[in-house]
Amino acid sequence: MSVKKLLYLVLDGMADRLDDPATTLELAVKPGLDYIARNGVCGLMYTVGKGVAPESDEAVISILGYNPHEVYPGRGVIEAVGAGLSIREGYEVAFRANFATVDPKTKKLIDRRVGRSLSTEEANELAKAVDGLDLGKYDGYARVKATIGHRAVVVISSDKYRLSPYVSNSDPAYIRKGLLNIAVKEFEPYIKPVEALENTEEAKRTAELANIFTEKTIEILDKHPVNIKRKEKGLLPGNAILLRDAGGTLPKTTPLPIKYGLKFAVLAEMPVEIGIGRIFGADTIALEPPIGDPSEVYSVRLEKSLEALKKYDIVYVHLKGPDEPGHDGNIELKKKRIEDIDKYFVQPFLEKMSSNTAILVTADHATPPSIGAHTDDPVPVAVMAETIQPDQTTKLTEKECRKGKLGIIPHGWEMLPKIIKLLNQHT
Ligand SMILES: O=C(O)[C@@H](CO)OP(=O)(O)O
């Protein structure tokens with residue numbers, strides 16, 4: 001039987017450090033994922049490259065087969081597209097944003113995510129208060145759209161003056177390295193001034209407008225009724241907006257269906273992966289945020305994936321689950337998120353998958369609870385199909401997959417073409 005379909009499953013932040021004494025994957029009870037590793041071929045993959053602790057967006061672009069150093073448009077643009085916003089190239093710069101908690105006087109960062117306690121409704125209220133904000137210079141103004149939880153998109157705009165995305169982040173947890181943004185483990189807990197990264201009027205203007213935005217929004221949000229109520233209830237106020245990963249233009253790339261000559265669907269929960277699916281030309285199905293009973297959350301994802309496999313050749317499914325507890329240093333919750341995905345998505349998928357279907361499972365990056373941020377550790381990769389002879393790997397863990405037949409894949413963008421070739425070889 002030849003392989004006609006591929007389910008490409010990515011668990012966000014699933015991996016830990018290769019040298020962690022006991023990784024979450026080793027502790028998790030995951031018979032489904034281990035079955036794939038045992039009956040498939042495995043390896044380890046640096047999703048962008050050795051030494052790069054990638055953000056999800058550049059990592060996902062890479063494991064879809066594109067070199068992010070060449071096509072990366074900046075997470076701001078990606079999240080804007082994911083949130084349904086259009087960007088006027090040259091006159092607008094989009095940032096990924098976080099509602100955060102600061103000391104309004106010292107700008108000291110108390111919590112980069114308002115303690116993950118902001119409801120989407122509250123975030124929408126706060127966004128509305130600063131959407132359309134007049135920045136008082138260069139005919140500048142801001143567009144603000146809340147997305148999920150603490151996340152938002154901010155677009156700095158001008159109707160008369162040209163702007164540039166070559167500016168730094170005010171969010172100290174990520175720094176720009178060339179086109180990419182790198183997660184940092186330790187940082188000074190203060191909002192950073194946005195600076196021009198090129199010596200042009202456009203970049204300097206954009207940096208100045210971003211800093212005006214930061215100042216004005218702290219003033220407005222700190223006294224917003226939503227935050228007054230939150231403070232009365234002893235909750236952290238979402239009284240600041242952190243900016244990162246500026247972008248201004250959409251990349252010109254070969255769309256996924258053309259690149260692989262296959263019908264390609266992306267199923268994703270977060271604006272960033274939804275944006276990537278749209279920008280890179282896949283049919284994109286936005287999933288509701290993974291909130292509620294895991295058995296319901298993942299059975300919906302399973303049904304939609306099986307439905308999509310009837311129509312598309314490759315169905316890429318991105319599940320956020322393990323990443324957040326990784327950021328929060330909560331290994332127990334990260335283990336449970338992996339076990340829930342295994343129990344309510346992977347195992348039933350394995351029971352239902354038809355014999356002409358392969359399954360590829362990996363992660364976009366490591367988010368080890370021992371570090372609480374993305375790291376540059378390689379992530380496990382496993383692919384199983386009726387036509388592939390298993391290697392000696394016995395389970396899906398970092399150390400086990402290191403011994404697998406796929407070896408160490410140095411850059412994520414090499415992986416998918418390699419897997420498709422492997423599947424075609426055996427058809
Ligand atoms: O959006 C998120 O889930 C994370 C990582 O992508 O970002 P942050 O660390 O700002 O929460």
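Counting convention: from 1, in listed order, for ligands and their atoms alike.
Salt-bridge annotation for Glu414 and Lys418: absent, with no side-chain N of the basic residue lying under 4.0 Å from a carboxylate O of the acidic one. A salt bridge links Glu125 with Lys128; the closest basic N to acidic carboxylate O contact falls under 4.0 Å.
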Arg230 and Ser117: CA distance, side-chain angles, deciding distance, side chain to side chain donor-acceptor pair (under 3.5 Å) verdict: CA-CA 10 Å; Arg230 287 178 61 87; Ser117 66; 2.5 Å; yes

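For the side-chain contact (heavy atoms from CB on, under 4.5 Å) with Thr367, the lone residue among His327, Glu324, Met14 that qualifies is His327.
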List below, pair by pair, the N or O atoms of ligand 1 and of the protein that are less than 3.5 Å apart, including the distance to 0.1 Å; reply 'none' if no pair qualifies.
| from | atom 1 | to | atom 2 | distance (Å) |
| --- | --- | --- | --- | --- |
| ligand 1 | 1 (O) | Arg96 | NH1 | 2.9 |
| ligand 1 | 1 (O) | Arg96 | NH2 | 3.0 |
| ligand 1 | 1 (O) | Arg151 | NE | 2.8 |
| ligand 1 | 3 (O) | Arg151 | NE | 3.3 |
| ligand 1 | 3 (O) | Arg151 | NH2 | 2.8 |
| ligand 1 | 3 (O) | Lys320 | NZ | 2.7 |
| ligand 1 | 6 (O) | Arg75 | NH1 | 3.2 |
| ligand 1 | 6 (O) | Arg75 | NH2 | 3.3 |
| ligand 1 | 7 (O) | Arg244 | NH2 | 3.2 |
| ligand 1 | 9 (O) | Arg112 | NH1 | 3.2 |
| ligand 1 | 9 (O) | Arg113 | NH2 | 2.9 |
| ligand 1 | 9 (O) | Tyr174 | OH | 2.9 |
| ligand 1 | 10 (O) | Arg96 | NH2 | 3.4 |
| ligand 1 | 10 (O) | Asn98 | ND2 | 2.8 |
| ligand 1 | 10 (O) | Arg112 | NH2 | 2.7 |
| ligand 1 | 10 (O) | Arg244 | NH1 | 2.8 |
| ligand 1 | 11 (O) | Arg113 | NE | 2.7 |
| ligand 1 | 11 (O) | His150 | NE2 | 2.8 |

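Here the OG-CD1 distance, from Ser370 to Ile331, works out to 7.5 Å after rounding to the nearest 0.5 Å. In this structure, CD in Glu26 is found 6.0 Å from CD in Glu398, a value given to the nearest 0.5 Å.
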